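Notes follow once the structure below has been shown.
All values reported here derive from a predicted model rather than from experimental measurement.
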Amino acid sequence: MTVGTQEFLLSRIRDVPDYPKPGVMFKDITPLLADPEAFTAMTDALAGLCVRHGATKIVGLEARGFILAAPVAVRAGLGFIPVRKAGKLPGATLSQAYELEYGTAEIEVHAEDLQSGDRVMVIDDVLATGGTAEASLELIRRAGADVAGVAVLMELGFLDGRARLEPTLRGAPLETLITI
C-alpha cells in the first residue's frame, strides 16, 4: 500500500477527545466507512494481504472487526468466520479466556468453522494492547487451523500490542495499514 493511500485512510479517521473517558483520544473509523472510496481502498488493501499470505479463511473479531472482515472475505473470495464474545454463538463452540487491564474476557468461535488445513487471517480495526488478537490466535490453533497472519486497519503503537502479540504469532505476519 502506498504512503498516499495510508494518508488518505488516516484522513478519514476522526479523533474524538475524552471518549469513552477523560484522557482517551478515540479513533473513530465511521467517517472512513461512510466514504465509499476510502472503504473500498481499505477493503482492497486488506484483501490483498489475505491473498498474499495464502489465507483460506478470514476471522473477524467482534465487533468492528466484523465490519472490516466481511467485505474483505467477499473481495478475496474467502470464507468469513466471526469470533464473538462468550455466550453469543449458538451450538458447539470453542472458547478462549484472556486478560484485560482490569479483569478477564472470553471469546468464542463455532467449533466446526475452523479445521485442520485452514490458513486463517485475523482481521480487526485496531491493534491496541493485543489481548483479543492474542486470544484469537490461540483459539484458531486449538481448532486445528494454522494462522496465516493478523491484519489491522490501525495499530496504536504506544500501547505496545505488537510486543505482546509477537510470541503468539510464531513467525506469522502482523500487517497494519496505519500505525499511530
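Between Val109 and Val59 there is no side-chain heavy-atom pair separated by less than 4.5 Å. Side-chain atoms of Leu156 and Phe158, non-hydrogen and from C-beta on, do get closer than 4.5 Å to each other. Using a 4.5 Å heavy-atom cutoff, the side chains of Val150 and Pro173 are not in contact. The shortest side-chain heavy-atom distance between Leu49 and Arg52 falls under the 4.5 Å cut-off. The closest side-chain heavy-atom distance from Glu175 to Val152 is not below 4.5 Å. Side-chain contact check for Gln96 versus Arg142: some heavy-atom pair is nearer than 4.5 Å. Side-chain contact between Arg170 and Arg141 is present, with at least one heavy-atom pair separated by less than 4.5 Å. In this structure, the side chains of Leu165 and Leu174 come closer than 4.5 Å at one or more pairs of heavy atoms.
A donor-acceptor pair shorter than 3.5 Å cannot be found between the side chains of Glu99 and Thr104. Neither side chain, Thr43 nor Thr40, offers a donor N or O lying under 3.5 Å from an acceptor on the other. Using a 3.5 Å distance cut-off with no hydrogens or angles, the side chains of Ser95 and Glu108 do not pair a donor with an acceptor.
Formation of a donor-acceptor pair under 3.5 Å by the Thr2 side chain with backbone atoms of Thr5 is found in this model. Judged by distance alone, the side chain of Asp118 and the main-chain N or O of Val120 form no donor-acceptor pair under 3.5 Å. Side-chain atoms of Thr129 never come within 3.5 Å of backbone atoms of Gly161 as a donor-acceptor pair (strictly under, hydrogens ignored). With hydrogens and angles disregarded, a donor-acceptor distance shorter than 3.5 Å links the side chain of Asp35 to the backbone of Ala38. With Lys27 contributing its side chain and Val16 its backbone, the two residues share no donor-acceptor pair below 3.5 Å.
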Item to check | Val122 and Leu137: CA distance, side-chain angles, deciding distance, side-chain contact (heavy atoms from CB on, under 4.5 Å) verdict | outcome: CA-CA 8 Å; Val122 175; Leu137 298 181; 3.9 Å; yes
Checklist entry - How far apart are the C-alpha atoms of Ile180 and Leu10, what are their side-chain angles, what is the distance that settles it, and do they pass the side-chain contact (heavy atoms from CB on, under 4.5 Å) test? => result CA-CA 9 Å; Ile180 297 173; Leu10 187 57; 4.0 Å; yes
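Partner of Asp28 under the salt bridge (charged side-chain N to carboxylate O under 4.0 Å, His left out) criterion, out of Arg14, Arg12, Arg64: Arg14 alone.
Within the model, atoms CD1 of Ile29 and CG of Leu153 stand 6.0 Å from one another, a figure rounded to the nearest 0.5 Å. Taken to the nearest 0.5 Å, the CZ atom of Phe8 stands 4.0 Å off from the CD atom of Glu37. Note that CD1 of Ile107 is 10.0 Å distant from CD of Glu138, once rounded to the nearest 0.5 Å. Leu68 contributes atom CG, which lies 6.5 Å from atom CG of Asp125 (distance to the nearest 0.5 angstrom). In this structure, CG on Leu61 lies 9.5 Å from CD1 on Ile123, to the nearest 0.5 angstrom. The CD1 atom of Ile67 sits 9.0 Å away from the CE atom of Met42 when rounded to the nearest 0.5 Å.
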Result block: side-chain N/O donor-acceptor pairs under 3.5 angstrom for residues 75-85, not counting sequence neighbours:
residue	atom	partner	partner atom	Å
Arg75	NH1	Asp44	OD1	2.0
Arg84	NE	Glu62	OE1	2.8
Arg84	NH2	Glu62	OE2	3.4

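Between Gly23 and Asp18, the shortest heavy-atom contact is N-OD1, 2.8 Å. Here the closest heavy-atom approach between residue Thr56 and residue Gly117 is recorded as OG1-O, 4.4 Å. Here the closest non-hydrogen pair linking Cys50 and Ile58 is SG-CD1, 3.7 Å. Across Ala133 and Ser136, no two heavy atoms sit closer than the pair O-OG, 2.7 Å. Shortest non-hydrogen contact noted between Ala41 and Leu9 is CB-CD2, 4.3 Å. Taking each heavy atom of Glu106 and Tyr98 in turn, the nearest pair found is N-CE2, 4.1 Å.
Residues forming a side chain to side chain donor-acceptor pair (under 3.5 Å) with Glu155 (at least two apart in sequence, or on another chain): Arg162.
Shown here is Phe26, whose CZ atom has more than 12 heavy atoms of other residues, nucleotides or ligands within 6.0 Å.
The hydrophobic clustering, which links ILVMFWY residues whose side-chain heavy atoms are closer than 4.5 Å, places Leu114 and Leu89 apart. Linking ILVMFWY residues whenever their side-chain heavy atoms come closer than 4.5 Å, directly or via other members, leaves Met154 and Phe66 in distinct clusters.
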